[in-house]
Q: 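Dumping the structure here so I can ask a few things about it.
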Amino acid sequence: MSQASLQQLTVIDLVPFGNPGGQTAFFALRLTPPTWESWKPGQFVMIRPSQAGSELLWGRPFAICRVTKSDLVLFFQVKGRGTSAIARLQPGDTLNVWEPLGNAFAIEPQTPTLILAGGIGIAPFVGYVQAHPTPWDITMEFGHRLPLECYPVDSINERALVEAHLETSPDDRMAFLEKIDERIKSHAEKGLVLACGPTPFLREIQRISLKYKARTQMCLETRMACGVGACLGCVVKTADPSASGAAPSTMVQTCTCGPNFWADSISF
């Protein structure tokens, strides 16, 4: 089981992004800085409002967007009861935060790195491009269904080149997949590919990566309850048990063995 520390952090502010359909659904949650010794891009936290009571029994996993000396930033989309409760937080409210959890993205200076993000899967790459020693080696293809202003694209685009693809029809989706195919092929021989987004999106990334034998690491958005390996609720099947580094088995936990897996090591 992962060794995770619990801290109580305070809300500095909750900044809305965009206004799709007249209702804000995306937020940047800024918290007081944690006392972590270190963290790595691709890791996540479990958070739970301190006064949630029975409304929110379990914490919710959030990719770490950014950490500085003055704050911890988490970017999220309101989708259910848990994220709705978090979106109602006010400055001064406190949260219980378990952190930092999971493994990290590969960072390879001087290696051409392609980032593929779908929707809210953009969140962990804000910290990634800021921590990368050679961000000029990074390019991103970003697929989204809601207006671009709903996402923290500017935080990435100021350090790495981002090409955005708005999906409003099946034809848009096919054009985006064709672009991904082209880009993964170009990085297959000497590059690195990183991906995060919905499971159907990642399945396409995996299929194309295996076709070209590209080194691709995928951040899974598997549902989690505990985040520390206690509940067995986020298991994923490995393509090769020995590749996971876990005990001989065909199933591993996303929270402790991931959430970042090489495309050729899992089957989902």
Side-chain angles (χ1 to χ4, degrees), residues 12-30 41-42 44 60-68 71-80 83-84 86-87 105 112-132 135-184 186-187 193-205 208 216-221 259:
I12 299 174
D13 54 31
L14 190 65
V15 180
F17 273 64
N19 191 28
Q23 182 176 5
T24 300
F26 295 83
F27 294 89
L29 174 62
R30 202 158 62 97
F44 67 96
R60 294 294 189 271
F62 283 72
I64 298 171
C65 192
R66 186 189 72 199
V67 182
T68 70
D71 59 22
L72 160 66
V73 178
L74 307 173
F75 184 80
F76 69 98
Q77 179 180 4
V78 176
K79 286 189 173 181
T83 48
S84 294
I86 293 167
F105 286 127
T113 300
L114 170 64
I115 292 175
L116 302 172
I120 197 68
I122 194 174
F125 294 118
V126 173
Y128 183 85
V129 298
Q130 292 180 351
H132 202 286
W136 49 86
D137 288 319
I138 300 173
T139 54
M140 171 186 275
E141 301 291 339
F142 175 51
H144 58 105
R145 294 182 177 177
L146 294 172
L148 199 60
E149 58 266 25
C150 293
Y151 307 94
V153 177
D154 289 343
S155 296
I156 296 175
N157 208 20
E158 62 188 14
R159 290 178 60 84
L161 181 63
V162 179
E163 184 173 346
H165 306 266
L166 177 62
E167 181 182 329
T168 61
S169 68
D171 287 343
D172 292 336
R173 182 176 183 273
M174 291 306 300
F176 183 38
L177 289 177
E178 290 173 2
K179 181 69 171 183
I180 288 175
D181 187 290
E182 173 189 325
R183 296 302 313 282
I184 291 178
S186 70
H187 282 71
V193 180
L194 305 175
C196 184
T199 296
F201 172 74
L202 293 180
R203 286 192 177 120
E204 290 294 331
I205 302 297
I208 298 169
T216 300
Q217 194 179 36
M218 305 185 303
C219 182
L220 304 191
E221 292 188 344

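The structure presented is a predicted model; accordingly, all values stated were derived computationally and were not measured. Residue indices begin at 1 and follow the sequence shown.
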Q: Go through the steps to decide whether Leu116 and Leu194 satisfy the test side chain to side chain contact (heavy atoms under 4.5 Å, CB included), and finish with yes or no.
A: CA-CA 6 Å; Leu116 302 172; Leu194 305 175; over 6 Å; no

Q: What's the shortest heavy-atom distance between Pro41 and Tyr128, and which atoms?
A: CB-CA, 3.7 Å

Q: Determine whether Ile205 and Thr216 make a side-chain contact, defined as any pair of heavy atoms from C-beta on separated by less than 4.5 Å.
A: yes

Q: So, Glu141 versus His165: side-chain donor-acceptor pair below 3.5 Å or not?
A: yes

Q: Test side chain to side chain contact (heavy atoms under 4.5 Å, CB included) on Val78 and Phe27; report intermediate values, then the result.
A: CA-CA 8 Å; Val78 176; Phe27 294 89; 3.7 Å; yes

Q: Who are the side-chain hydrogen bond (donor to acceptor under 3.5 Å, both in side chains) partners of Asn157, not counting sequence neighbours?
A: none

Q: For the residue pair Asp172 and Leu166, establish whether any side-chain heavy-atom pair is separated by less than 4.5 Å.
A: no

Q: Please tell me if the side chains of Ile138 and His132 come closer than 4.5 Å, counting only heavy atoms from C-beta onward.
A: yes

Q: Do Leu29 and Ile86 have side chains that approach each other closer than 4.5 Å (heavy atoms only, starting at C-beta)?
A: yes

Q: Rounded to the nearest 0.5 Å, how far does CG of Asp137 lie from CG of Leu114?
A: 12.5 Å

Q: Are Ser155 and Arg66 linked by a side-chain donor-acceptor pair shorter than 3.5 Å?
A: no

Q: In the structure I gave you, are the side-chain heavy atoms of Arg173 and Glu204 within less than 4.5 Å of one another anywhere?
A: yes

Q: Find the distance between OG1 (Thr199) and CG (Leu220) and round it off to the nearest 0.5 Å.
A: 7.0 Å

Q: Taking atom CD1 of Ile120 and atom CZ of Phe76, what is their separation to the nearest 0.5 Å?
A: 9.0 Å

Q: Rounded to the nearest 0.5 Å, how far apart are NE2 of His144 and OG1 of Thr168?
A: 10.0 Å

Q: So Asp154 and Glu158, do their side chains get closer than 4.5 Å, heavy atoms only?
A: no

Q: Quick one: CD on Glu178 to CD1 on Ile208, what's the gap to the nearest 0.5 Å?
A: 10.0 Å

Q: Does the side chain of Pro112 reach to within under 4.5 Å of the side chain of His187, using non-hydrogen atoms?
A: yes

Q: Do Phe62 and Thr83 have side chains that get closer than 4.5 Å, going by heavy atoms?
A: yes

Q: Taking all atoms of both residues into account, what is the closest heavy-atom pair of Ala63 and Ala123, and its distance?
A: CB-CB, 4.5 Å

Q: Quick check: Phe142 with Phe125 (ring centres under 6.0 Å apart)?
A: no

Q: Side chain to side chain contact (heavy atoms under 4.5 Å, CB included), that's the test. Do Phe17 and Leu146 meet it? Break it down for me.
A: CA-CA 11 Å; Phe17 273 64; Leu146 294 172; over 6 Å; no

Q: Other residues, nucleotides and ligands only: do more than 12 of their heavy atoms fall within 6.0 Å of CZ on Arg159?
A: yes

Q: Would you say the rings of Tyr151 and Phe26 are close, in the sense that their centroids are separated by under 6.0 Å?
A: yes

Q: Apply side-chain hydrogen bond (donor to acceptor under 3.5 Å, both in side chains) to Thr68 and list each qualifying residue two or more places apart in sequence or on a separate chain.
A: Ser70, Asp71

Q: What's the shortest heavy-atom distance between Gly118 and Phe201, and which atoms?
A: N-CE2, 3.7 Å

Q: What's the separation between atom SG in Cys196 and atom CZ in Phe105, rounded to the nearest 0.5 Å?
A: 5.5 Å

Q: Tell me the closest heavy-atom pair linking Cys219 and Leu202, and the distance in Å.
A: O-CD1, 3.4 Å

